[in-house]
Structure formats: structure tokens, C-alpha cells
Amino acid sequence: MSVPLPPPRRLVEITVDGEPVRLPEGSTILDACQDTPTLCYGDTLTPKNACRVCVVEVEGSRTLVPACSRRAEEGMKVSTDSERVRHSRKLVLELLGSSVDLSTTPGAAEWIAEYDADPQRFGQEAATVEQPVKVDNDLYVRDYGKCIMCYKCVDACGDQWQNSFAITVAGRGFDSHISTEHDAPLTDSACVYCGNCVEVCPTGALSFKTEFDMRAAGTWHEEEQTQTTTICAYCGVGCNLTLHVQDNEIVKVTSPHDNPVTHGNLCIKGRFGFQHVQNGRSAKQTQKD
Amino acid sequence: MDLRFRDTEPTDEERAAIDALLGPPASGWVGGARTDDDLRFAAAGEQERDLLLPALHAVNDRIGWISEGALDYICRRLTVPPADAYGVATFYSMFSLKPRPSRVLHVCTDLVCEARGAAGLCASLEERLGPPGLSWQRSPCLGLCERAPAALALEAGDPPAHAVYGPADAALTEFAEPPVEAAVPQSLHSGPGAGDELVLLRRVGVVDPGSLDDYRSTDGYAALRRAFTLGPAGIIREVLDAGLVGRGGAAFPTGRKWEATARQPDHPHYLVCNADESEPGTFKDRVIMEGDPFALIEAMTIAAYATGCRKGYIYLRGEYPRAFHRLTGAIAAARARGLLGDDVMGQGFAFDIEIRRGAGAYICGEETAIFNSIEGQRGEPRSKPPFPVEKGLFGKPTVVNNVETLVNVLPILLSGASAYAATGTEGSTGTKLFCLSGNVRRPGLYELPFGATLRDLLDLAGGVPEGRSLRAVLLGGAAGAFVRPDELDIPLTFEGTRAAGTTLGSGVVLVLDDGADLVKILLRIAEFFRDESCGQCVPCRVGTVRQEEALHRLAIKPQAGDLTLLREVGQVMRDASICGLGQTAWNAVESAIDRLGVFTSEEAS
Ligand SMILES: Cc1cc2nc3c(=O)[nH]c(=O)nc-3n(C[C@H](O)[C@H](O)[C@H](O)COP(=O)(O)O)c2cc1C
Ligand code: SF4
Ligand code: SF4
Ligand code: SF4
Ligand code: FES
Ligand code: FES
């Protein structure tokens with residue numbers, strides 16, 4: 001199998017905080033400043049640029065621009081740490097932190113500290129999206145009190161990857177939320193339990209039932225987990241699986257986003273089939289005992 | 001597309017309403033009765049996603065609400081995933097997915113109506129009908145501001161009916177809807193600033209809006225004839241030379257937009273007339289469409305010819321039933337006489353117009369949100385670049401213009417660019433429509449040459465009522481800014497208002513006298529933006545909520561901390577929001593604090 005080489009791309013030169021940077025044409029500003037905070041950006045998805053935590057200042061632009069989606073253009077002068085940029089990032093974190101439970105969002109606590117954000121400043125009465133967790137199937141859990149409305153799950157489920165179209169954004173404004181049709185339980189929806197939405201969720205609003213239960217029991221210890229990448233044995237496609245193992249048990253399954261076969265996407269067998277492995281094993285063990 | 005449906009069926013009436021729009025289903029695969037043939041051949045439906053919004057309207061118009069079975073049937077017919085359709089239906093405030101009575105009363109509680117007694121009206125309704133819910137609901141501006149307080153009843157049926165109340169009394173006395181010219185005080189008397197000097201409004205109340213002959217006998221279609229002799233490039237040159245600038249709020253030069261679209265090699269090109277008119281306090285486009293519908297049709301034909309479009313859409317706000325009927329009639333009449341269709345005026349130019357109704361979402365007036373709405377997606381703005389002239393409706397080069405902008409093209413072509421540009425100032429040429437409302441003697445739509453001052457306009461309308469004094473004027477609507485009584489010499493031009501730190505916006509001039517409760521008005525503005533935010537981006541989705549919360553606290557007890565908070569939230573909305581809604585959601589509140597001293601000075605509120 002030969003991999004076609006892409007045609008060589010022209011380079012454009014921009015300055016980032018005064019330093020010249022050269023990038024292949026078509027790159028985004030984010031490609032030039034990798035340490036920018038991002039939430040709704042997904043490496044396998046078309047940028048939705050909804051969260052606005054990645055904004056930067058571009059000389060000549062009336063408003064700030066999202067680094068994750070704005071393409072670099074020759075001669076662009078970008079500031080990533082100006083007063084205006086810091087203010088917007090801080091406020092975005094405060095607005096999100098005051099309305100959504102960010103406790104399982106990787107990076108959130110560090111950014112909140114870095115930008116000196118104070119989500120509590122809006123007071124006790126500030127409206128939030130707090131709501132009961134949705135547990136309606138054995139495979140994954142939807143805890144929308146942690147949802148920042150990044151649209152990534154909807155895009156992964158829809159025409160960007162899965163083409164199942166089981167979930168959507170419903171409602172408008174602060175009331176907008178991720179939903180199936182008529183808010184039906186997942187088991188009544190078009191969901192095929194590929195878990196590709198869980199894979200891209202940046203907040204932990206979507207999580208494996210195993211992870212959710214272990215967190216509830218206080219037995220989830222990410223630092224003790226090992227990750228092993230292997231090839232799924234269920235069919236001949238050859239998807240890469242990364243098994244997350246804690247105490248000899250598989251606790252969740254992801255797939256490398258740079259894998260040319262999966263781009264992070266799996267089907268129900270690869271994603272959730274490990275429960276069979278384990279159930280089978282414990283059944284056998286029980287028999288032996 | 002392999003879709004999964006739940007087991008719900010439409011009622012016969014729902015099915016009939018949808019079939020009336022889409023025609024009978026082709027096979028059992030798209031919701032028809034199942035036959036033996038269906039078992040031998042699999043057939044997918046046409047992908048006609050852009051008919052989703054019209055189909056939702058069809059059910060809502062006939063039944064009054066949209067059931068699971070009806071939504072499912074629409075999805076089968078159009079091959080749309082049910083979850084997607086649910087997301088779209090829940091975006092619009094005119095649709096209900098829960099059963100409700102067929103007649104629903106929408107009571108405007110927006111800025112003008114608030115200033116003219118909407119609260120009392122709501123209180124008496126609450127007494128009689130109970131709290132707002134299914135049979136009556138509070139509504140943002142209905143575009144009937146000259147008759148504030150206003151209400152609109154929509155009654156589902158075949159055909160659906162409507163009734164307009166304005167000024168509405170507590171008993172909601174029924175009366176015939178006044179003729180459109182009642183909204184144009186200048187047309188009712190003569191003398192300086194009177195009817196004979198009107199340009200854009202000259203036909204309103206003078207011709208029968210249903211008669212193409214009336215229209216033609218008053219110079220109608222003379223501009224199109226001249227357009228055909230000028231050719232597309234010649235028209236664009238005239239529009240550029242005339243200095244025409246967009247009247248929809250963003251003040252972008254129209255000729256440059258047309259030129260950029262005409263140049264695009266990608267085809268087809270589309271023309272979209274933005275008739276969503278939802279900025280609180282605005283009703284100018286309604287008056288044009290109700291009073292002189294052929295003018296808009298002719299102007300769109302010229303715009304399409306200049307920019308190479310074969311298809312035009314009028315995106316009309318859903319709460320404008322009378323404008324909808326008049327435009328529908330005008331389009332049919334023009335088509336019947338060869339003024340629309342495959343060969344317009346025998347010139348070999350093909351162009352036709354379709355009306356698409358909005359369904360209660362201010363954000364759909366944003367130029368890229370319109371595209372998503374027409375395409376059958378949620379009406380969320382897209383991020384720019386790419387700009388509409390490159391990738392607009394259906395991903396193709398698109399011209400979007402406001403109704404008032406378009407009808408200005410007629411006098412430009414009739415009298416020539418230089419004659420047109422002789423009126424007004426250097427930066428703002430021609431005449432402008434002003435939607436004057438609130439505490440004035442003669443509210444209504446006024447047409448004045450650019451350059452007139454705010455004082456001139458207020459004088460023309462008779463000033464504030466006897467015994468009252470002026471407190472403030474809101475220019476540009478909810479997204480605009482307040483000015484003080486000592487600033488009445490501001491020239492009402494794009495450059496003049498900009499220099500004074502305010503905006504013309506969509507031409508809203510809301511007059512508030514000393515009896516007005518400014519804090520209440522600010523709360524209503526904040527509520528408006530919170531309600532109308534599409535919810536896509538964090539600064540606006542959460543920022544508009546925090547702004548409203550802080551204003552509620554300030555209304556009880558002014559505190560410096562909350563003022564700082566407002567400013568900081570305002571800054572992130574202005575700097576980091578995706579679209580103009582979030583970017584301007586703090587303008588009016590900011591100006592009320594900084595210019596009027598609300599919350600900071602003693603005489604506040
Ligand atoms: C939130 C929002 C709402 C808008 N609503 C309208 C509207 O109802 N009608 C309109 O003509 N323009 C509206 N606009 C402005 C349009 O985006 C666009 O600039 C305009 O239609 C272009 O036409 P023009 O150049 O003829 O003014 C709105 C803009 C924003 C950001
Ligand atoms: S599990 Fe797969 S099919 Fe189900 S909602 Fe998530 S992405 Fe869609
Ligand atoms: S559930 Fe997760 S992926 Fe989906 S919108 Fe919310 S935060 Fe984003
Ligand atoms: S600014 Fe508001 S209305 Fe505009 S895209 Fe963002 S959330 Fe939607
Ligand atoms: S990461 Fe760029 S807008 Fe969200
Ligand atoms: S109709 Fe009430 S404010 Fe416009």
C-alpha cells in the first residue's frame with residue numbers, strides 16, 4: 001500500500017507575539033501557538049469555534065479571533081497574551097466555570113489558575129446547567145451538568161464520522177442542550193453505541209459506565225492506569241484499540257486519533273466489547289473456583 | 001442515509017398538511033402506504049432538507065403544534081434524521097412540540113410596548129386567562145410599534161387566520177386592521193416634510209398594493225427597463241456612484257457587495273432579501289412590503305440581474321402575516337405578466353422569487369444565520385470568513401440585502417446616481433426611513449433626507465406629549481445606544497451618529513419621556529438578548545444571562561461590584577462573540593450607564 005505524498009505546500013510567515021513563525025499554507029493560528037487553551041477544538045473534527053477560550057488578537061481585526069479555526073495569512077500579526085486576550089480567556093473560563101461543573105475537564109483547573117479566573121464571582125444565585133445524570137444504558141453515561149456545549153459529540157455522531165445522527169443540539173440560548181429526538185432515552189434513539197461521542201467529549205460529560213461507577217465509588221485512579229494499544233480482534237478492519245487498565249481490569253477503551261484506520265473512532269465491539277472479555281473471564285474463574 | 005424512526009404515526013390531518021406542501025409520497029419508503037413494490041425496491045427520498053422549515057410551518061399553521069408523529073413523517077418525506085429535525089423545531093419560538101390551543105395570542109412586552117403600557121395589558125390578561133403559557137404568551141417586538149401596545153393572535157386552521165391588536169386595550173377589542181398608510185404620518189398631511197417629498201414611501205397609501213397596474217402607472221418597472229439597457233456592470237456602477245449603503249444595520253456599501261458577488265466564478269449565485277426585521281422598535285420593512293410590495297419585487301429583479309442570480313429568496317419574519325399575503329400576491333401577479341420567470345420582460349433573463357418564513361428567532365436576521373435557516377438547519381450564525389459573497393446560501397456566492405436597501409435601487413436607476421447622491425450628505429446619500437416610537441405625539445414611519453437632525457425628526461412627530469419632558473432617546477434599537485435630551489443636534493447620518501458614539505442601526509428612534517422607567521427598559525433589553533442568543537458561543541450564551549442577573553441586582557441596590565462585572569462581561573461579549581448579537585448585547589446598557597447615569601447618579605431611574 002503506498003501513501004500518496006501531498007503536494008508541497010507554500011509557507012506563510014506570521015508573527016506571534018513579535019516572533020516570526022513560518023507555517024504551511026492552510027494552517028491555523030493554533031498550529032503556530034500550541035500552548036493555547038482549547039475546549040471545543042477537536043483534532044479529528046472541523047472546528048466549531050464555539051467556546052472562544054482560544055481567542056487571540058490579530059492586528060487590524062475589530063474583534064478577537066479564534067486561533068483554532070482562523071487560518072494563518074501572510075503577514076498576520078498575532079498577540080496571544082495581550083490585555084484583551086487575557087481578559088476574554090479569563091471571562092470565558094469564569095462564565096463556563098460558573099454555569100457548568102468543570103471538575104472532570106482536563107486542563108480547566110490549571111487555566112482557571114493561570115488566568116486568575118474566579119467563577120464564584122457571579123454569586124450563589126447564578127444560573128447553572130445542573131441536572132440529574134442520565135443513566136439509561138449499560139455502556140455509557142450522560143452527565144449534562146458537565147456539558148459545555150462544544151458540539152463535538154454531535155459532529156462525531158453526525159456526518160463528520162458516525163453518520164448515525166442520534167443526537168443534536170436542541171433549544172436555544174442558555175437553554176440549548178444535547179438531546180435525542182423528543183429527549184427520548186438513548187435506547188429508543190438511533191444510537192449504535194459506538195462511543196465515538198465519548199471519545200471526543202472534552203469534559204467528562206460523556207463517560208464509560210465503568211468510569212462513572214468507579215468515580216462514584218471513589219475507586220477511579222487514573223494515575224495507576226496503564227495504556228496498551230493493540231489491534232481489535234473482532235473483525236478484519238484492523239482498528240487500533242488503546243486499553244486503559246487499572247488493577248488488571250480494562251476500565252475503558254479509546255483509539256489513537258492519529259491512527260489512519262480509526263481516527264479515534266470505533267464500533268460497539270471494539271469500544272465496549274471488553275466487557276465480554278472480562279465477564280467471560282470472571283465466569284470462567286468462577287467455574288474453576 | 002440510513003435513518004431510524006420511532007413508531008409514531010401522523011394524524012390524517014397532519015399528513016394532509018404536509019402532503020399539501022410536498023405532494024403525495026412516492027413510495028412506502030418515504031412514509032406512503034406500503035405496497036408489494038416497496039418490498040422489491042428500496043428507494044430513498046429526495047434530500048430536500050431545505051423544505052424542513054416550510055414543512056414545520058405547514059403543520060404548525062394547520063394544527064397549531066407539531067406532534068412526534070408529524071415530525072417523524074416530515075423526516076421520512078425529506079430524509080432528515082429525527083434528532084436533527086427536533087433540534088431545528090425547538091430552535092424557533094413560534095413552534096410548539098406540546099399540544100396547545102389552536103389560537104395563541106402573542107402579546108408584545110418589548111421596549112416600545114413596555115414604555116406604552118404592556119405591563120397593564122399583561123396584568124389584565126393574567127387575571128382573565130391565567131399566567132402566560134399555552135394560550136397566550138409574552139413576545140418580543142412584533143414590528144407594530146407605532147401602535148403600541150400591540151398583540152398578535154395566530155389561529156391555526158385551513159387556512160390559518162390572524163388578528164392584530166394595536167393599540168390593544170385590556171378587553172382586546174377586535175377591530176379591523178388599519179390600512180398600512182396609518183403608519184406613515186407624513187402621508188396624511190402636506191407641507192414641509194410631507195407626503196409629496198417622500199421617495200421610498202411615495203406609493204404607500206396612494207396605490208392599491210394588490211394592483212400591478214397601479215404600480216406600473218406610477219413609474220413601476222421603469223427602473224428595471226433602464227437596468228436592462230445599462231447591463232449588469234452599468235447597474236453596479238450606478239449603485240456604487242450613488243453611494244448606497246446597507247440599511248439593515250451594518251452600513252456596508254451595497255455596490256461593493258454586488259460587485260464582489262458578480263465577480264465570483266462559482267455558480268449559481270443567490271439573492272437573499274433580509275426581511276426578518278426583528279430589531280425591537282423596527283417596522284419599516286413591514287410598511288414597505290405591505291404598502292408597496294411590487295417595489296421590492298422589482299428591486300430584487302434588478303439586484304439579481306446585476307449580480308447574476310437566477311433565484312431569490314425573501315426571508316420574511318414569521319410574525320408578518322399581512323406582508324406575507326401581499327408579497328405572495330405580488331409575486332404571482334408579476335409571474336403571470338412575465339415580470340418574473342424564465343424570460344423577464346422578454347430580455348432572456350430568468351429569475352424567480354420564493355418567500356421563506358422565519359419562525360420566531362431574531363438571530364435569523366443575521367446574514368449567515370439566514371442561510372442555515374433556509375437550508376433547514378438551526379439558525380446559528382456561521383463563522384466568517386468565508387463571507388457570503390464567496391460562500392453563502394447552499395455554499396454558493398450570495399448577496400444579502402435588507403428590504404429598505406433594495407428599494408433604494410429604484411430611485412437610483414430612475415433619476416441616476418448623481419441626482420440620487422445630491423440628497424443627503426457625502427457619507428450618507430439619499431433618504432432614510434426612521435421608525436419613530438415611544439412617548440411622542442405622532443409615532444410612525446418617517447422618511448427624511450440624510451442630514452436631518454434628531455431634533456428635526458422629533459419636531460416633525462410633534463415632540464413628547466403635553467406636560468412631559470424628554471428623558472432619553474434610544475437610537476438603533478436594542479443593539480443601539482441611548483442619547484440625552486441635550487444631544488438632539490446629532491445629525492441622523494451614518495457618520496454623524498458614529499461620531500456621537502451611537503448608531504443608526506436599523507433606524508429605530510425610541511423616545512422616552514420623564515415617565516419612562518429606564519431600569520425596566522434595560523432589564524427588557526437584557527432579557528431580549530438572553531432569549532434571542534442562539535447559544536452557540538460561550539460569551540453570548542452565558543454572558544447575556546450574567547448581564548441580566550447583574551441588572552436585576554442593580555435594580556434593587558446599585559453596587560460598584562456589579563457595575564464592574566457588567567463592564568467585564570460586556571467586554572468579553574463584544575470582543576469574543578461569534579456574531580453581531582453577542583457583540584452588541586451590551587451597547588445599550590453601557591450607554592445608559594455612561595451617558596444617562598443610570599445606576600450611578602442620584603436622579604437615576
Ligand atoms: C443579530 C442580528 C440580527 C440582524 N437582523 C437583521 C434584520 O432583521 N434585517 C436586516 O436587514 N438585517 C439584519 N441584520 C444585519 C444583517 O446581518 C446584514 O448585515 C444585512 O442584512 C445586510 O443587508 P444590507 O447591507 O442591505 O444592510 C442583523 C444582524 C445581526 C447581527
Ligand atoms: S455512541 Fe455513537 S451512535 Fe451513539 S450517540 Fe454516541 S456517537 Fe452517536
Ligand atoms: S456532551 Fe461533551 S462532547 Fe457533547 S457538547 Fe457536551 S461537552 Fe461537548
Ligand atoms: S454571539 Fe450569540 S447569537 Fe451570535 S453566535 Fe454567539 S451565541 Fe449565537
Ligand atoms: S477551542 Fe477555539 S473556539 Fe473553542
Ligand atoms: S411591537 Fe412592541 S416593541 Fe415593537
Side-chain angles (χ1 to χ4, degrees), chain A residues 39-40 47-53 55 57 62-64 66 69-71 84-85 87-92 94-96 98-100 121-123 125-127 148-149 151 154 157-158 163-177 179-184 188-192, chain B residues 1-6 8 68 71-72 75 80-93 97 361 363 378-380 383 385 529-546 548-550 552-553 561 565 568-569 571-578 582-583:
Chain A
L39 282 167
C40 69
K48 182 71 188 169
N49 45 228
C51 77
R52 319 303 278 186
V53 78
V55 287
E57 196 163 349
R62 182 174 49 87
T63 56
L64 302 178
S69 64
R70 180 58 63 84
R71 303 228 177 272
R84 271 175 90 196
V85 169
H87 176 82
S88 274
R89 290 185 183 172
K90 168 180 168 202
L91 263 288
V92 164
E94 289 180 341
L95 292 173
L96 274 180
S98 63
S99 53
V100 181
R121 66 186 292 198
F122 304 105
E125 305 289 302
I148 58 165
M149 293 299 295
Y151 289 61
V154 176
C157 185
N163 280 299
S164 286
F165 303 95
I167 47 177
T168 187
V169 176
R172 189 169 78 195
F174 195 73
D175 298 328
S176 61
H177 57 283
S179 176
T180 57
E181 65 266 33
H182 308 287
D183 205 15
D188 266 1
S189 77
C191 177
V192 298
Chain B
M1 222 188 270
D2 178 24
L3 300 181
R4 181 179 154 168
F5 296 96
R6 283 140 52 82
T8 46
E68 279 192 44
L71 194 69
D72 242 31
C75 290
V80 173
D84 266 26
Y86 177 76
V88 172
T90 54
F91 187 83
Y92 297 101
S93 63
L97 296 176
I363 190 58
R378 290 164 54 81
E380 293 170 356
S383 104
F529 284 113
R530 191 254 296 141
D531 256 351
E532 299 295 337
S533 162
C534 81
Q536 209 181 178
C537 62
V538 174
C540 171
R541 179 179 75 236
V542 190
T544 53
V545 173
R546 298 291 177 251
E548 193 188 4
E549 289 170 349
H552 273 292
R553 288 194 297 270
L565 193 146
E568 295 195 5
V569 171
Q571 190 63 35
V572 71
M573 291 198 286
R574 184 173 288 161
D575 272 351
S577 294
I578 293 180
Q583 288 162 14

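Everything quoted here is computed from the prediction, not taken from an experiment. The chains referred to below are lettered A, B, ... by the order of the sequence lines, with proteins before strands, and numbering in each begins at 1.
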* Tell me, out of B:Asp84, B:Asp575, B:Val542, who's got the most heavy-atom pairs with chain A below 4.5 Å. => B:Asp575

* Asked: What are the two closest heavy atoms between A:Ala166 and B:Ala83, and how far apart are they?
  -> O-CB, 3.5 Å

* Chi angles and distances behind the side-chain contact (heavy atoms from CB on, under 4.5 Å) call for A:Arg84, B:Val572 -> CA-CA 9 Å; A:Arg84 271 175 90 196; B:Val572 71; over 6 Å; no

* chain B contacts, top residue of A:His87, A:Arg89, A:Lys90 (heavy-atom pairs, under 4.5 Å) -> A:His87

* Structure fact -> Interface check, chain B: of A:Ser99, A:Ala50, A:Ser69, A:Pro47, most non-hydrogen pairs under 4.5 Å belong to A:Ala50

* **Under 4.5 Å from a heavy atom of chain A, the part of B:Arg553 involved** => side chain

* Please state whether the side chain, the backbone, both or neither of A:Arg121 comes within less than 4.5 Å of a heavy atom of chain B. => both

* Heavy-atom distance under 4.5 Å to chain B: side chain of A:Glu57, backbone, both or neither? -> neither

* When heavy-atom pairs shorter than 4.5 Å are enumerated against chain A, which of B:Cys540, B:Gly379, B:Pro385 gives the highest number? -> B:Pro385

* Structure fact -> Heavy atoms of A:Arg52 and B:Ile578 approach each other most closely as NH1-CG1, 3.2 Å

* Asked: Hey, which of B:Ser383, B:Ala550, B:Ala85, B:Cys75 has the most heavy atom pairs under 4.5 Å with chain A?
  -> B:Ser383

* Asked: Considering only heavy atoms, which portion of B:Ala89 lies under 4.5 Å from any heavy atom of chain A: side chain, backbone, both, or neither?
  -> neither

* Asked: Where does B:Leu71 contact chain A at under 4.5 Å (heavy atoms): side chain, backbone, both or neither?
  -> side chain

* Against chain B, label A:Val169 side chain, backbone, both or neither, depending on which of its atoms sit under 4.5 Å from a heavy atom there. => both

* To do: Write down the atom of A:Lys48, the atom of B:Glu380, and the distance for their closest heavy-atom approach.
  => NZ-OE1, 3.7 Å

* List the atom of B:Tyr86, the atom of A:Ala170, and the distance in Å for their closest heavy-atom pair. => CE2-CB, 3.7 Å

* Which residue pairs pass the salt bridge (charged side-chain N to carboxylate O under 4.0 Å, His left out) test when at least one of the two sits in residues 166-175 of chain A, sequence neighbours left out? -> A:Arg172-B:Glu532

* Applying salt bridge (charged side-chain N to carboxylate O under 4.0 Å, His left out), name anything that partners B:Asp72, two or more places apart in sequence or on another chain. => none

* To do: For the pair A:Tyr151 and B:Gln536, evaluate side-chain contact (heavy atoms from CB on, under 4.5 Å) and give the outcome as yes or no after the intermediate values.
  => CA-CA 9 Å; A:Tyr151 289 61; B:Gln536 209 181 178; 3.7 Å; yes

* Contact part of A:Ala127 toward chain B, heavy-atom cut-off under 4.5 Å: side chain, backbone, both or neither? -> both

* Is there a donor in the side chain of B:Arg546 and an acceptor in the side chain of A:Ser98, or the other way round, less than 3.5 Å apart? -> yes

* To do: Report yes if the side chains of B:Pro539 and A:Val92 come closer than 4.5 Å at any heavy-atom pair, otherwise no.
  => yes

* Going through the distances and angles, do A:Met149 and B:Arg541 end up as a side-chain contact (heavy atoms from CB on, under 4.5 Å)? -> CA-CA 10 Å; A:Met149 293 299 295; B:Arg541 179 179 75 236; 3.4 Å; yes

* Structure fact -> Among A:Cys51, A:Ala126, A:Cys40, A:Ser179, the residue with the most heavy-atom pairs under 4.5 Å to chain B is A:Ala126

* Short side-chain to backbone donor-acceptor contact, B:Arg378 and A:Gly171, under 3.5 Å -> yes

* Inter-residue atom distance A:Ser164.OG - B:Arg4.CZ, 0.5 Å rounding -> 10.5 Å

* Structure fact -> If one checks every heavy atom of A:Ile167 against chain B at 4.5 Å, the contacting part turns out to be backbone

* Counting only heavy atoms closer than 4.5 Å, note whether B:Ser93 contacts chain A via side chain, backbone, both or neither. => both

* Which of the residues B:Val545, B:Val88, B:Val569, B:Leu565 is involved in the greatest number of heavy-atom pairs with chain A at under 4.5 angstrom? -> B:Leu565

* Asked: In terms of heavy-atom proximity below 4.5 Å to chain B, should A:Ser176 be classed as side chain, backbone, both, or neither?
  -> side chain

* Are any of the side-chain heavy atoms of A:Glu125 and B:Glu549 separated by less than 4.5 Å? -> no

* Atom pair CG (B:Leu97) and CG (A:Asp183), whose distance is rounded to the nearest 0.5 Å -> 11.5 Å

* Check each atom of A:Thr180 against the heavy atoms of chain B and say whether the ones under 4.5 Å are side chain, backbone, both or neither. => backbone

* Asked: Is there a side-chain contact (heavy atoms from CB on, under 4.5 Å) between B:Gln583 and A:Thr63 once you walk through the steps?
  -> CA-CA 9 Å; B:Gln583 288 162 14; A:Thr63 56; 3.7 Å; yes

* Structural part of B:Glu568 lying under 4.5 Å from a heavy atom of chain A -> both

